[in-house]
Amino acid sequence: MTPTSWTARTLRLLALLLSGALLATACGGDSGGGSGDAAECPVDALDDADGTVEITLWHTYVGLTNRTLNALADEYNASQDRVEVRVESQGAAYEELFRKYRQGIPSGDLPAIGIMEDTNTQFLADSGTILPAGACAEADGYAGYDDFAEGVRDFYSVDGVLQPASFNVSTVLLYYNRDHFEAAGLDPDDPPDTLEEVAEYARQIKEAGIVDQPLVLNMQPWFTEFWLTGAGEGLVDNDNGRGDGDTTAGAFDNPATHELFDLLVSMQDEGLLNPVPGTEGQFDHYFAIGLEQSSMTIETSTAVTTINAVLEGNLDASELGLEGELPPIDVNVDAGPFPGLDAPGQGQLGGGVWYLTNAGTPEQQAAAWDFVKFVNQPENQTRWHLEGSYLPVSQAAVDSPEVQEFWAETRPGKWLRTAYDGLQNVDPEWPGPLIGPYTDTRSAVRDALDALLFGDATADEAIAEADRKITEAIEEYNDENF
């Protein structure tokens, strides 16, 4: 599809599709469900309920992920008469949901289940508003987590106790235009392994006269976390927040951050990089790929099935907030491993996780736990992967014939297999940050990227200022104890 054939309606579709569907990115200890206080989780209260117990679930999904979530709730509701799950959208960004959650803490106006960004783990554990899944598993004699990946369980545990009850795990992929690669003499079956190689590929594409700025990046701070984690560096001290001591200061001023920032600046100076501000709802980088003005971008693996459904015309316009029929989109997109600083596939976990709150009645808390156990069943974890794009964390789901055939035979399956392989590369001893004031930390990193690429700050200045802000946020969080 040529740029002149793209209508305004097509652009709006692309924006809604990718800004929503591509939204994605705990203290290590006991690799099992944890050993929380079982008395915290009234798993038997549902037995004493008078009539059907209604619970709400908050989420931020669109496209096929939203369709799959609602289908799972509908099937659960139809399978029994004790619980009715109401699925409620809270926008298209984790930040929107988290703001509403924080606003509801004083009054207790919270859902029974909140599917929130994984960065909220420490905050929610400190807030006293959630039921640790480890406590519920202990109270219920539930062994379902034994089949879940050990690294995932460890990543979402605080003091050895598993916090969220289910997981929407994703990683990051390099999305690229195969036609542009071929036109520049590059092998489209051999995408770049590192960010430095991305720069070399971009240089060849630019020199071939295909596009002016081959790499477009949404400068989201969580991409920076993936690069640093993959390189063995962190955002904060105390082993990136996962050590036995106290987290007291930032650790952003490290060699990997300087390498990353220097490389971004050099690519921008050379005209290879088109950075766009990492604001909520940002989709200019998707426009650049869709209009074939850029050849490569980096984004989460979560949107794979939705992207494929749009490319194949299998998605209703209503699922993206549009009326009428979707226009055809014909861009020869492929996906490869996340290009790390040192090697491909280096990074950390990302996505969202399901937290059970303690705001409702004991019956509602027990109902939420019952629904999550339904979602955690292997056949539903398989469906969550096949239709919702989230990576399987249940070994039974990974081994299922449906997943194995999906990975081997289909385009979205091959992309998600690449993402799953990246998940296996995550170092369980260094899986990513655990930070109480995570939102403030990411704001500091976003400000640093903005100052570096849209302002006049040097790499040294931007990094030092971010490190100062992170330390300040940690000190304030520690002083206020949440």
Would you mind telling me which of Thr247, Asp126, Thr441 makes a side chain to side chain donor-acceptor pair (under 3.5 Å) with Tyr477?
Asp126
Compare every heavy atom of Leu131 with every heavy atom of Cys136, then report the nearest pair and how far apart it is.
SG-CB, 4.2 Å
Calculate, to the nearest 0.5 Å, the distance between atoms CG and CG belonging to Asn238 and Asp244 respectively.
7.5 Å
What orientation do Trp227 and Phe338 show, parallel under 30°, tilted 30 to 60°, or perpendicular over 60°?
tilted
Residue pair Gln404 / Asp399: nearest heavy atoms and the distance that separates them
CG-O, 4.2 Å
Taking atom types as modelled, find out whether Gln348 and Thr229 have a side-chain donor-acceptor pair closer than 3.5 angstrom.
yes
Check the side chains of Asn376 and Ser166 for a donor-acceptor pair under 3.5 angstrom, ignoring hydrogens and angles.
yes
Looking at Glu75 and Arg383, is there a salt bridge between them, counting it only when a charged N and a carboxylate O are closer than 4.0 Å?
yes
Nearest 0.5 angstrom please: Ile55 CD1 to Thr361 OG1, how far?
10.0 Å
State whether a side-chain donor-acceptor pair under 3.5 Å links Asn358 with Glu40.
no
Side chain to side chain contact (heavy atoms under 4.5 Å, CB included) between Gln163 and Ser157: does it pass, once the steps are laid out?
CA-CA 6 Å; Gln163 300 298 307; Ser157 292; 6.0 Å; no
Between Thr52 (side chain only) and Asp81 (backbone N and O only), is there a donor and an acceptor less than 3.5 Å apart?
yes
Under the criterion side chain to side chain contact (heavy atoms under 4.5 Å, CB included), I'd like the reasoning laid out for Asp189 against Arg178: C-alpha separation, chi angles, the key distance, then a yes or no.
CA-CA 8 Å; Asp189 294 321; Arg178 290 181 62 91; 3.0 Å; yes
Without swapping roles, check the side chain of Asp147 against the backbone of Gln395 for a donor-acceptor pair under 3.5 Å.
yes
Determine whether Leu57 and Leu69 make a side-chain contact, defined as any pair of heavy atoms from C-beta on separated by less than 4.5 Å.
yes
Side-chain H-bond candidate by donor/acceptor type, Tyr61 with Asn70, under 3.5 Å:
no
Hey, what do you get for CG (Asp370) to CZ (Arg82), rounding to the nearest 0.5 Å?
5.5 Å
Would you mind checking if Glu387 and Arg67 are paired as a salt bridge, meaning a charged N to carboxylate O distance below 4.0 Å?
no
Quick one, Glu363 and Asp50 - any side-chain contact, counting heavy atoms below 4.5 Å?
no
Hey, does the side chain of Gln364 reach the backbone of Glu54 with a donor-acceptor pair shorter than 3.5 angstrom?
yes
Quick one: are the ring centres of His385 and Tyr420 less than 6.0 Å apart?
no
Flag, side chain of Gln80 to backbone of Val83, donor-acceptor distance under 3.5 Å:
yes
Relative to each other, are the rings of Phe374 and Tyr76 parallel, tilted or perpendicular (30° and 60° limits)?
tilted
Taking the side chain as every heavy atom from C-beta outward, state whether Phe226 and Ile298 have any atom pair closer than 4.5 Å.
no
The test is side chain to side chain contact (heavy atoms under 4.5 Å, CB included); show your working for Phe406 and Leu416 and say whether it passes.
CA-CA 9 Å; Phe406 177 63; Leu416 286 172; 3.8 Å; yes
Mind telling me whether Trp354 and Trp384 have parallel, tilted or perpendicular rings, with 30° and 60° as the class edges?
perpendicular
Can you check whether Asp140 reaches Lys373 side chain to side chain, under 4.5 Å on heavy atoms?
yes
Quick one: does Glu117's side chain get under 4.5 Å of Arg442's, heavy atoms only?
yes
With the side chain counted from C-beta on, respond yes when Asn177 and Ile289 share a heavy-atom pair under 4.5 Å apart, and no when they do not.
no
Does any non-hydrogen side-chain atom of Glu299 lie less than 4.5 Å from one of Tyr175?
yes
Considering non-hydrogen atoms only, spot the tightest contact between Val236 and Ile474 and give its length.
CG1-CD1, 3.5 Å
Nearest heavy-atom neighbours spanning Pro42 and Gln365:
CD-OE1, 3.2 Å
Kindly compute the distance separating OG1 (Thr119) from CD (Glu225), expressed to the nearest 0.5 Å.
8.0 Å
Working to the nearest 0.5 angstrom, can you tell me the gap between Gln90 CD and Glu96 CD?
9.0 Å
Val216 backbone acceptor or donor facing Thr297 side chain under 3.5 Å:
yes
Are the charged groups of Asp334 and Arg411 less than 4.0 angstrom apart, N to O?
no
Determine, stepwise, if the pair Tyr101 / Asn120 fulfils side chain to side chain contact (heavy atoms under 4.5 Å, CB included).
CA-CA 11 Å; Tyr101 190 95; Asn120 304 141; over 6 Å; no
Kindly give the heavy-atom pair with the smallest separation between Pro378 and Ala397, and that separation in Å.
O-CB, 4.2 Å
Are Phe252 and Thr224 close enough that some pair of their side-chain heavy atoms sits under 4.5 Å apart?
yes
So, the side chain of Thr357 versus the backbone of Thr129: is there a donor-acceptor pair under 3.5 Å, distance only?
no
Closest non-hydrogen atom pair between Lys469 and Asp447, with its separation:
NZ-OD2, 3.1 Å
So OG1 of Thr439 and CD of Glu95: to nearest 0.5 Å the spacing works out to 8.0 Å
Ignoring hydrogens and angles, write down the donor-acceptor pairs under 3.5 Å from the side chains of residues 103-115, residues two or more places apart or on other chains.
unit_1, atom_1, unit_2, atom_2, d
Ser107, OG, Gly104, O, 3.4
Ser107, OG, Asp109, N, 3.3

Lys/Arg N to Asp/Glu carboxylate O, Asp450 vs Arg446, below 4.0 Å
no
Is the backbone of Glu379 close enough, under 3.5 Å, to the side chain of Gln377 for a donor and an acceptor to pair up by distance?
no
The residue among Phe167, Tyr145, Tyr355 that forms ring pair (Phe, Tyr, Trp, His ring centres under 6.0 Å) with Tyr156 is Phe167
